[in-house]
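These figures come from a predicted structure and were not determined experimentally.
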Amino acid sequence: MNEKQLERMEHGPGFIAALDQSGGSTPKALAGYGIDGTAYQTEDEMFDLIHQMRTRIIKSPAFTSEHILGAILFEMTMNRKIDDLYTADYLWEKKGIVPFLKVDQGLADLENGVQLMKPLTKLDDLLKTANERHIFGTKMRSVIKEANPKGIKNLIAQQFEVGKRIAAAGLVPILEPEVDIHAPEKERCEELLLAACWEELKGLDATTKIMFKLTIPSQDNYYQVLMDDPHVVRVVALSGGYSRTEADVKLARNTGLIASFSRALLNDLKVSETDDEFDHTLAEAIKEIYDASIS
């Protein structure tokens, strides 16, 4: 583990940019950017285009460590280069931004009110490559849709089980048990999630470091107890389908909770913008999210 990066993640001001759209979500991300499906014929061409978009974001003068602590990458982005440096090295060496990697392989079907992660069959190979590519930490997502105690307990157990494997490989896992913002009993889901996390935290080895990426809670400062746990490097929030304005307002009411936004960060960016226009649009989004993260 890079101790300088750990110190930055524990104590630095700012937020995490989620640039980890996978194969399934890439067409939607490109469409939002102004590139529809007629612009590419193959998956390779699609990934070339999304890498060009991500490169434009990362190289922008608006994308700096002044406001951004870390960036979450997709596997293919990790294995590609920006200006002859692997993306993670470019982020850290040129920008001072800590690199993370998305490691889950998508969601299983709904069962007991939740969607667990599909089996992570590539995890060992991914962690080996992540260490070779100088990745600091990982991220993996599952989703809670109903206040089902059995389902939520199983989901949290899976997140921690995989998280321990990641920590044992020398990386810091971001556990992401997302609560669907449209869940009919969202607040009860959060109660069950917190209780399950608390039980799992008590069983961790004293040296294990983890992070959480959570839906902004219904009750302000509800996850403060997680922030105070010595195992927890940082608790970050996903935008979860809220608009950037709505997500920022909700986030700002939660002391110590910082953003890890994707759609809310990138939605206004367009391929047709000039570089100056693009940089201005990105800078505005970054400043708004940063201000909400440090409130």
Side-chain angles (χ1 to χ4, degrees), residues 18 20-29 72 74-75 100-127 137-169 171-204 208 210-219 222-223 225-226 229 231-232 235-242 247 260-263:
D20 59 335
Q21 297 86 2
S22 60
S25 55
T26 292
K28 187 175 180 180
I72 305 172
F74 179 52
E75 177 187 0
F100 290 82
L101 174 68
K102 168 187 162 68
V103 295
D104 67 80
Q105 293 173 238
L107 298 172
D109 292 337
L110 186 70
E111 184 177 356
N112 295 320
V114 304
Q115 288 182 276
L116 299 176
M117 294 180 288
K118 290 179 179 177
L120 282 75
T121 57
K122 298 166 50 178
L123 184 62
D124 289 339
D125 288 340
L126 267 180
L127 297 180
T138 65
K139 190 216 78 164
M140 52 192 178
R141 173 177 175 259
S142 46
V143 180
I144 297 168
K145 291 183 175 291
E146 299 172 12
N148 182 307
K150 179 181 179 180
I152 291 174
K153 184 176 180 180
N154 289 342
L155 182 147
I156 298 300
Q158 184 193 44
Q159 285 275 337
F160 272 84
E161 178 187 359
V162 178
K164 290 173 191 175
R165 290 173 60 190
I166 293 165
L171 302 167
V172 175
I174 300 177
L175 313 188
E176 186 182 5
E178 174 182 349
V179 175
D180 190 322
I181 63 171
H182 302 297
E185 297 180 273
K186 179 175 179 286
E187 194 163 353
R188 177 59 178 155
C189 290
E190 291 161 354
E191 291 173 3
L192 293 168
L193 179 154
L194 182 58
C197 286
W198 190 243
E199 285 302 310
E200 292 284 352
L201 281 168
K202 289 191 292 186
L204 287 184
T208 299
I210 66 170
M211 296 173 62
F212 287 102
K213 181 170 178 174
L214 303 171
T215 306
I216 302 170
S218 301
Q219 180 181 326
Y222 189 66
Y223 294 127
V225 65
L226 296 180
D229 188 278
H231 298 98
V232 179
V235 181
V236 305
L238 53 103
S239 52
Y242 294 124
S260 176
F261 292 173
S262 176
R263 283 169 294 181

Listed by chain and number, what are the side chain to side chain contact (heavy atoms under 4.5 Å, CB included) partners of [X], not counting sequence neighbours?
X    : value
P27  : Y40, M46
T138 : V103, L127, I166, L171, P173
D104 : K102, M117, M140, R141

Exam field: side chain K150 to backbone N112, donor-acceptor pair closer than 3.5 Å: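 Side chain of K150 to backbone of N112: no pair is present.
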
Side-chain (Q105) to main-chain (T121) donor-acceptor, under 3.5 angstrom: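 Here the side-chain-to-backbone pair exists.
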
How many angstroms lie between atom [atom1] of [X] and atom [atom2] of [Y], to the nearest 0.5 angstrom?
X    : Y    : atom1 : atom2 : result
I156 : W198 : CD1   : CH2   : 14.5 Å
I210 : F160 : CD1   : CZ    : 4.0 Å
I72  : I174 : CD1   : CD1   : 4.5 Å
L194 : Y222 : CG    : OH    : 4.5 Å
L101 : L126 : CG    : CG    : 6.0 Å
S239 : I181 : OG    : CD1   : 8.5 Å

Inter- and intrachain pairs under salt bridge (charged side-chain N to carboxylate O under 4.0 Å, His left out), touching residues 113-122, at least two apart: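 Listed by first then second residue: E75-K122.
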
Selection residues 194-203 - residue pairs positive for salt bridge (charged side-chain N to carboxylate O under 4.0 Å, His left out), sequence neighbours left out: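 Listed by first then second residue: E199-K202.
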
Which pair of non-hydrogen atoms, one from [X] and one from [Y], has the smallest distance, and what is that distance?
X    : Y    : value
D109 : Q115 : C-CG, 4.1 Å
V236 : S260 : CG2-CB, 3.7 Å
L175 : G163 : CD2-CA, 4.0 Å
C197 : F212 : SG-CE2, 3.7 Å
C189 : I144 : SG-CG2, 3.8 Å

Within the structure provided, determine whether [X] and [Y] are in side-chain contact (heavy-atom separation under 4.5 Å).
X    : Y    : value
V179 : L214 : no
L201 : L226 : yes
V172 : M211 : yes

Selection residues 180-197 - residue pairs positive for side-chain hydrogen bond (donor to acceptor under 3.5 Å, both in side chains), sequence neighbours left out: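 Qualifying pairs, neighbours excluded: K145-D180, K186-E190, K186-S218, R188-E191, E190-S218.
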
Pairs touching residues 152-161 that satisfy side-chain hydrogen bond (donor to acceptor under 3.5 Å, both in side chains), sequence neighbours left out: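 Counting only pairs at least two positions apart or across chains, the side-chain hydrogen bond (donor to acceptor under 3.5 Å, both in side chains) contacts touching residues 152-161 are S142-Q159.
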
Could you work out, with side-chain hydrogen bond (donor to acceptor under 3.5 Å, both in side chains) as the rule, every residue matching [X], not counting sequence neighbours?
X    : value
K139 : D20, E176
D229 : H231
S262 : Q21
E146 : none

Non-neighbouring partners of Y223 that pass ring pair (Phe, Tyr, Trp, His ring centres under 6.0 Å), sequence neighbours left out: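 With neighbours one apart ignored, the set is empty.
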
